Structure formats: structure tokens, C-alpha cells
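Data first, discussion second: the structure below is written as C-alpha cells.
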Amino acid sequence: MAYVSPSWRGTEQRFDVNLSILFTELPLLERPAAAAAAGFTAVELWWPWTDTPTPPRAALDDLRTALDDAGTRLVGLNFYAGLLPGPDRGALSVPGEESDRFRANVAVAAEFAAATGCTALNALYGNRVPGVDPARQDALALENLSLAARAADEIGALLLIEALNRPESPDYPLVGAASAVEVADRVNEATGLGNAAFLLDLYHLSMNGEDLAGAIDRYAGRTGHVQIADNPGRGAPGTGELPLEELVDRLRKAGYAGWIGLEYKPGDRPSAESFGWRTP
């Protein structure tokens with residue numbers, strides 16, 4: 001079972017650890033075991049191989065073995081998104097080589113997701129490119145997102161569309177909940193599959209100054225995955241000013257029963273020491 005926080009009220013809270021922002025002081029293949037030692041049985045990842053959308057089979061197999069050996073289930077995986085962390089915020093709307101790399105990654109990521117039981121694949125939209133017509137980027141995005149949605153559907157997975165925040169991602173066009181949900185609607189209309197859903201990240205929405213309770217009330221039924229971090233600072237719950245316990249409880253009451261990804265920075269301490277908020 002997932003870790004259940006005894007200090008947070010409401011129904012069972014299913015938390016997973018994002019191994020691309022937590023436990024990064026360890027090599028990738030050691031992180032699943034570290035998450036398990038901290039009490040978690042579920043993890044998520046940004047695309048781990050930023051330099052290639054098509055890593056060697058051995059690299060994929062090694063990561064799957066590390067997940068299996070640790071007893072951790074992969075519950076969320078990003079498609080190839082360029083240099084992340086770094087200057088990039090996705091590749092699928094960027095014409096040329098980056099779009100080609102995203103398309104080459106779709107089948108690889110879907111196959112790995114199927115092999116690990118992962119049923120949520122996140123497709124970051126990509127930054128606006130100077131000198132390129134935004135309408136051209138949006139048309140390319142819809143084409144590539146439709147391709148990704150079909151690949152996800154073949155393995156019984158959701159395609160997630162995420163809104164980021166303008167202060168940290170000024171060139172990313174999806175900087176509000178409504179914009180991300182609108183893109184998911186377009187993909188669902190284009191494919192007829194209905195498997196494109198909103199990735200609701202409370203940290204990003206708070207950085208945009210959105211009404212978090214209102215966003216939950218409007219979009220909980222469209223949400224396929226949730227991520228949290230406190231604000232300011234993108235740290236663990238309790239390090240900032242967001243009422244995360246209340247917001248998570250509100251999500252549950254609104255009908256969201258999925259995973260909640262811990263996508264926060266541990267601060268100046270080992271990641272294993274950043275989970276004190278879970279205990280009474």
C-alpha cells in the first residue's frame with residue numbers, strides 16, 4: 001500500500017515521490033530503494049535520459065529492475081522533454097529536431113510505461129520559439145499530442161497535460177489551469193479517445209496566483225494526476241504558506257482518488273529527512 005499520512009485528515013492520501021527532484025543526491029538506480037526505505041511504494045519520474053529520447057535497452061531494463069527490486073511502482077512518467085531540469089519545458093511543439101525527438105520517444109516511453117505498470121504519461125508542451133508562429137507550434141503540438149494519446153491508450157494509460165508557472169517558465173504557453181484543460185479537450189476531440197487529462201500541480205498554479213480552491217472545484221473531475229510543493233520556495237509541505245493539507249482534503253472530497261506526487265525540493269538536507277511533515 002502507499003504511505004498513509006497519519007497527520008493529514010481526510011481519506012487515505014496516496015503519495016508518491018518524484019525521483020527527478022527528490023533523492024537526486026543518489027544515482028538514478030539507487031533512488032527507488034531510497035524511496036522505499038523512506039516508506040513509499042510509488043514513484044514518478046521526469047524522462048531520466050535528457051540527452052536521448054531513445055536510450056539503450058540496457059538502460060531501460062536496469063531502471064525497471066531497480067524499481068522492481070525496491071518494490072516501487074512507477075505511477076507517472078514524462079515523455080522526453082528536452083533539458084529538464086534546464087532551459088527546456090518540453091519538445092512536442094518545437095519544430096524540427098526536438099519535435100522529431102519527441103515523436104521517436106513516444107513508443108519507447110509507452111513501452112517502458114507498460115512494462116512497469118505506469119498508467120500516466122505527462123507530455124510537456126514546450127516553450128514558444130522566437131520567430132515561429134505560435135499557431136504553427138499549436139498545430140504541431142496537437143499532432144504530436146494526438147500521437148502520444150493513441151500510444152497511451154494502447155497501454156491503458158492517461159495522457160497528462162500540465163500547466164506550469166509564468167515566473168519560472170515565461171516562454172511556456174500553458175500557464176493556467178484553464179489553458180491546460182483546453183488543450184486536453186482539443187486532444188480528446190481530435191482522437192475521440194477521451195484519455196487526455198489535466199495534471200494539477202498546486203505549486204505551479206499558486207505561482208500563477210490562481211484561486212487554488214476554485215481550480216480544484218472546477219477541474220477535479222478532469223484531473224488525471226496531482227503534484228504538490230509548498231510556496232514560496234517549492235519545498236516540503238509546511239515550509240511555505242500554502243494550506244496543502246486543506247487543499248488535498250478538498251481534492252478528495254471533490255472526487256479525486258488518484259496519486260499525489262511529491263515534487264518538491266528537499267532543501268539543504270538529504271531527501272530522506274524532508275518527510276517530517278508526514279508524522280504527527
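All values derive from a computational prediction rather than experimental measurement.
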In terms of side-chain geometry, is the basic nitrogen of [X] or [Y] positioned less than 4.0 Å from the acidic oxygen of its partner?
X	Y	answer
Glu162	Arg89	no
Arg73	Asp16	no
Lys265	Asp230	no
Glu246	Arg250	no
Glu111	Arg57	yes
Glu189	Arg186	no

Side-chain H-bond candidate by donor/acceptor type, Arg166 with Asn208, under 3.5 Å:
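The criterion, which ignores hydrogens and geometry beyond distance, is not satisfied for Asn208 and Arg166.
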
>> Test side chain to side chain contact (heavy atoms under 4.5 Å, CB included) on Leu19 and Thr72; report intermediate values, then the result.
In response: CA-CA 11 Å; Leu19 297 181; Thr72 51; over 6 Å; no

Dump the intermediate steps for side chain to side chain contact (heavy atoms under 4.5 Å, CB included) on Arg252 and Ile260, then the final yes or no.
-> CA-CA 11 Å; Arg252 296 302 190 200; Ile260 297 172; 3.5 Å; yes

Open item on the list: Could you check whether Tyr203 and Tyr264 have their ring centres less than 6.0 Å apart?
Closed with: no

Closest heavy-atom pair, Ile155 versus Ala110, reported as atoms and distance to 0.1 Å, is CD1-O, 3.4 Å

Taking C-beta and beyond as the side chain, do Ser206 and Leu212 meet within less than 4.5 Å on heavy atoms?
yes

